[in-house]
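Worksheet: the structure to be examined is printed underneath.
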Amino acid sequence: MNSVSSVADTAAGPVSTGPVARVGGNPFRFLTTLRPGDILAIAPFILFALLFLVMPTLGLVVGAFQDANGNFTFDNILQLGGPQIVASFWISIRVSAASAVLGALIGLAIAMAIIRGRLPEFIRSSVMTFSGVASNFAGIPLAFAFLATLGRLGLVTVLFKTLFGFDLTRSFNILSFWGLTVTYLYFQIPLMILIIAPAIDGLKKEWSEAAATLGATRFQFWRHVGFPVLWPNLLGTLSLLFANAFGAIATAYALTGSSLNIVPILLYAQIRGDVLHNPGLGAALALGMIVITALANVIYLVVRTRAERWLK
Amino acid sequence: MKQGKLWSWVIFILGALYFLVPLYATFDFSLHIRRDHLSFDAYANVLNDPRFQAAFSYSLIIGAAAIVVGLLLVVPAAYYVRLRAPHLRPIIEFITLLPLIIPAIILVFGYIRMYNTSSLIPLLGTNFGSDVLLTLAYVALALPYMYRAVDTGLRTIDVQTLTEAANILGANQATIIARVIFPNIIVAVLSGAFLTLAIVIGEFTIASLLNRQVFGVYMQNVGANRAYEPSALAVISFVITWGAMGMIQLLARFAPKTARLD
Amino acid sequence: MAEEFLRIDKLVKSFGGIPVVKGVDLGFNKGEFVSLLGPSGCGKTTILRMIAGFERPDSGRIVVEGNDIAHLQPNQRKIGMVFQAYALFPNMNVAENVGFGLKIAGMPRPQREARVEEMLKLIGLSGYDKRFPFELSGGQQQRVALARALAPSPRMLLLDEPLSALDAKIRVSLREQIREIQRELGITTVFVTHDQEEALSISDRIVVLNAGSVEQFGQPFEIYNRPQTKFVATFVGQLNTLNATVANAGQKTVTVGGATVTIPSLPATLRDGEAVALTMRPEAVSLADGATRDIVLDGKVAEVHFLGSVIRLKVDLGDNAISLDTFNDQRTPPPPHGAPVRIGIASSDVLVLGN
Ligand SMILES: Nc1ncnc2c1ncn2[C@@H]1O[C@H](COP(=O)(O)OP(=O)(O)OP(=O)(O)O)[C@@H](O)[C@H]1O
Ligand SMILES: [Mg+2]
């Protein structure tokens, strides 16, 4: 799965700022001053990117517009409108959106609590360290952990039954939309904490003090200054979390098998055994995923660059 | 004011519960394989399983190979972009971001179409070819983190000055990278390596679709067929992730303290 | 003295058991411009923050217009504040920043806009209302911050080293502008700085602080010319020291450079034969023809610093060295390095400082 995990520090740094904002000038100027050593340094990298990132993806994009004989067609794209695929996209979008929104809100609350809540310093550093680990703890083992917690024999389920005589599985099924969402939160919340913590740190103490001397209450400060300043970051991180969940498959696969047909699982089944009986449709499905995650990431990058302009 | 602090504690404790209960539950569950008493038998079953040993060592080997290949690709490129062609930076950085934008399942789908037995480069035709493809796929997955770690390392040292000093002493470019730059960024490089390991060790999607028996695929198999062993595996995975991230934290203490001007 | 606008009584504050403000007593008049001057870490910011309400005093009172303000939150105190790092709200343009306090106070939009316009005119930034902070220079940002603090008509203005992030030229012009605006509005102002020249040039009165205590409180002229402690004398301006011996404490005479002179400011507590340090400002020393001066000493020119309108000479007197300032004279070049010179000091300019 595509664990975006430690973009956390990426996010604060230059990796995330550049591409959208600063592609300018003449990038080919370097050709005129190239030395043999330079080519050796950069050629393998570029070649790798072409062969293992760009071309495989482009191949899928092209494949989405080809029929079995390689002729151009819109048919595959049109078939994305079929009920099974639409349902897949719908459940995927719902899970990704729910886990992104909840992850962002809860992550923000925790980040605020540990940074601005006057908790002991060691709590903050422990939470940050733990977030680094938890945001990387995804995929198959995460599914196992939640089965052991909220599954039919899970600790919490059993506790509820023995302590309150309450059967949790009646109202909550770990193999459902909410089950998957709650599980995804385990890496979404820490990711949010890692990304938003520097932004909260960036809120200067003087801003709230200046607001106070101007008569503002704490609430008014957050409403007019704190929240608006954080807003681009929140929005950007939200899209990042969305993309993160949307591309994830291993957790869902291990948790629900194929009972919850999110897009990546459908695509997985298609790659394994052409369950859609149309290879071109598989490529179209992939194209759909690419478009959605790319959109989310572009939003993230654009919003982020704007936010950084402010906070200079 | 007091109330704010109370709220912080409430939020923190609720959060801690959400994150710690599953860990405890998993550990607890993994000890219950015997009906009458607690035991570590689930762990013994896993660790003694030859398929576990094979899958885990295979994952480690592929992970190590991915780290080496990744470093060979990233270090010269990052160094070159910093020193000789800063104007290329946006392009290179965009490339390093691609694996975050393209989900792993898309990548592997593309690979299967591009490198199948009937293609120009039929990597998937042989076992070794598949191993190579898996390694390169993992290089791609880890690229954003690897590049970022190395680039940070390069930034903290004064690449320009070091290179000029080495040039004056008559060293050529390769020697500069191997003898001067590399030792200086070894800490950053190791962080990148551990991060790669953390990402790659439990990977499932790509390996499964390339039919490689890695640790992640083994875990999935066990999960489908056993009751208690999966929990033991989850605990083992968590410990590994924690170990890798812990190493990174530890390394950060040794990192040069200069220029943390992100 | 008229009724005091701000009264600070036995103010005490410590951080983690370390006393930072040690019983400060001060009274400021309405409309006065007072500087808190002192070295880094002496507690200036802490005092200011206690007035603003961001720190709670351990003990002591802060009284504004007769009312103890201890129970008031910072947002109830009606005190404007300007910070060293500008602290403009980054998400608001200039007009929104300046209008923020008015908006919070619930002023209707038309009046608010008029007031913002008026404030921008006051700080000379009319037409900048749509700019964002990151589009302004440091000096401009600080002027906006000033306008923002003044817009809601606070009863007092606090400035914490508002100029120290700016470069030297702007520093001087902005401090004059601040003083001008302050005069125009007649607002009681407390200005924190560690720059003595800044404090001397714009203040009505100066509080010199050292290690959490007030060393001296007075007008710039007094502070400079009649420093009451050695700390004030050395911290504010340059000071020369001449080593002398008390000849006759009762008659206030000392021996210096072989001559016996009367020093009117000699404390009566000294004993005959005791060593004493005579101090004086460089401008109180002149290249003299003996007759007009009480203390006359011979030496050699050790250094010549030509500063433009003023020439500072360092004169080596054997066991003493002294700096003296003379005005530039277009017709006479300064004495060359190593030239023998005779210097003179009026004994009434000499200060004898206890510790
Ligand atoms: N919140 C705090 N916690 C602990 N110590 C503090 C705190 N605020 C200030 N201090 C200490 O109190 C002392 C006085 O600080 P203060 O900021 O008032 O000095 P200052 O005179 O404004 O100095 P500067 O010119 O450097 O701004 C310093 O030693 C500082 O370290
Ligand atoms: Mg200060």
Side-chain angles (χ1 to χ4, degrees), chain A residues 1-4 6-7 10 12-13 15 18-19 22-23 25 27 30 37-38 41-42 44-45 48-49 52-53 55-57 59-60 63 109-110 113 117-119 129 132-134 136-137 139-141 144-146 148-149 154-156 247 249-250 254 264 267-268 271 286 289-290 293-294 297, chain B residues 5 8 11-12 15 19 21-22 25-26 28-29 73 76-77 80 84-85 87-91 93-98 100-107 109-111 113-114 136 140 144-145 148 173 195 198-199 202 204-205 209 216 219-220 223 230-231 233-234 237-238 241-242 245 249 262:
Chain A
M1 73 159 280
N2 189 0
S3 135
V4 187
S6 323
V7 214
T10 311
V15 174
R22 292 189 254 124
V23 184
F30 76 102
D38 300 343
I42 199 128
F45 183 85
F48 173 83
F52 296 97
L53 287 170
M55 280 168 56
T57 313
L60 285 175
I110 295 179
R118 289 180 289 269
L119 297 184
T129 308
V133 178
N136 274 299
F137 184 65
I140 312 272
F144 293 166
F146 270 82
T149 312
L155 182 78
V156 172
I249 163 168
L267 186 57
Y268 182 86
I271 299 171
M289 279 189 76
I290 295 172
T293 50
N297 276 290
Chain B
K5 190 162 169 173
S8 308
I11 291 170
F12 168 73
F19 281 97
V21 166
T26 312
D28 181 66
F29 200 76
L73 286 174
Y80 168 78
R84 305 253 310 137
H87 55 279
L88 282 185
R89 175 177 214 94
I91 297 179
E93 284 183 348
F94 181 70
I95 290 175
T96 65
L97 276 182
L98 281 177
L100 298 183
I101 300 178
I102 311 167
I105 183 143
I106 303 289
L107 272 187
F109 191 14
Y111 292 173
R113 289 169 61 106
M114 197 166 150
L136 293 172
Y145 314 105
R148 161 83 179 164
Q173 295 273 326
L195 210 48
I199 292 163
F204 166 76
T205 317
L209 287 171
M219 283 198 283
Q220 199 272 330
S231 295
L233 281 170
S237 290
F238 189 80
T241 312
W242 188 278
M245 301 311 286
Q249 295 261 321
D262 282 32

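Chain identifiers are assigned alphabetically (A, B, ...) following the order of the sequence lines, protein sequences preceding nucleic acid strands; residue numbering begins at 1 within each chain. Note: hydrogens, waters and symmetry copies are ignored here, and every other heavy atom, side chains too, is used.
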### Task
Starting at CZ of A/Phe137, measure out to OG1 of B/Thr241 and round the result to the nearest 0.5 Å.
6.0 Å
### Message
When you compare the side chain of A/Ile140 with that of B/Leu233, does any pair of heavy atoms fall below 4.5 Å?
### Response
no
### Task
Among A/Val156, A/Ile110, A/Leu267, single out the residue with the greatest number of heavy-atom pairs under 4.5 Å to chain B.
A/Leu267
### Task
Check whether A/Phe146 gets within reach of chain B through its side chain, its backbone, both or neither, counting any heavy atom under 4.5 Å.
side chain
### Query
How many angstroms lie between CG in B/Leu107 and CD1 in A/Ile290, if you round to the nearest 0.5 Å?
9.0 Å
### Query
At what distance, to the nearest 0.5 angstrom, does CG of A/Asn297 lie from CG of B/Leu97?
8.0 Å
### Task
For residues A/Phe48 and B/Leu136, report the shortest heavy-atom separation together with the two atoms involved.
CZ-O, 3.5 Å
#### Entry: Heavy-atom pair count under 4.5 Å with chain A, highest-scoring of B/Ala77, B/Ala198, B/Ser237, B/Pro22
B/Pro22
### Task
Heavy atoms only: give me the nearest A/Gly117-B/Ser8 pair and the separation to one decimal.
CA-OG, 3.1 Å
### Message
Taking side chain as everything from C-beta outward and backbone as N, CA, C, O, which of these in B/Met114 sits under 4.5 Å from a heavy atom of chain A? Side chain, backbone, both or neither.
### Response
side chain
### Message
Evaluate A/Val133 against B/Phe238 for side-chain contact (heavy atoms from CB on, under 4.5 Å), listing each step before the verdict.
### Response
CA-CA 8 Å; A/Val133 178; B/Phe238 189 80; 4.0 Å; yes
### Query
Taking C-beta and beyond as the side chain, do A/Thr293 and B/Ile102 meet within less than 4.5 Å on heavy atoms?
no
### Message
I need the B/Phe204 CZ to A/Ile249 CD1 distance, nearest 0.5 Å.
### Response
6.5 Å
### Task
Please report the closest heavy-atom contact between B/Met245 and A/Gly132, naming both atoms and the distance.
CE-O, 3.5 Å
### Query
Top residue by heavy-atom pair count (under 4.5 Å) with chain B, among A/Leu60, A/Thr57, A/Thr129?
A/Leu60
### Task
Report yes if the side chains of A/Pro141 and B/Met219 come closer than 4.5 Å at any heavy-atom pair, otherwise no.
yes
### A/Phe45 side chain reached by B/Thr96 side chain, heavy atoms, under 4.5 Å
yes
## Note on the structure
In terms of heavy-atom contacts, B/Ala25 and A/Ala148 come closest through CB-O, 3.7 Å
### Task
Mind listing the closest non-hydrogen atom pair of A/Gly59 and B/Arg113 along with its distance?
O-NH2, 4.2 Å
### Query
What pair of heavy atoms forms the shortest contact from A/Phe144 to B/Pro230, and how long is it?
CD1-O, 3.2 Å
### Query
Counting N and O atoms only, with roles assigned by atom type, does the side chain of B/Tyr111 sit under 3.5 Å from a partner on the main chain of A/Pro56, one being a donor and the other an acceptor?
no
### Task
For the residue pair A/Tyr268 and B/Ile105, establish whether any side-chain heavy-atom pair is separated by less than 4.5 Å.
yes
### Task
Supply the atom-to-atom distance A/Leu155 CG to B/Thr26 OG1, rounded to the nearest 0.5 angstrom.
9.0 Å
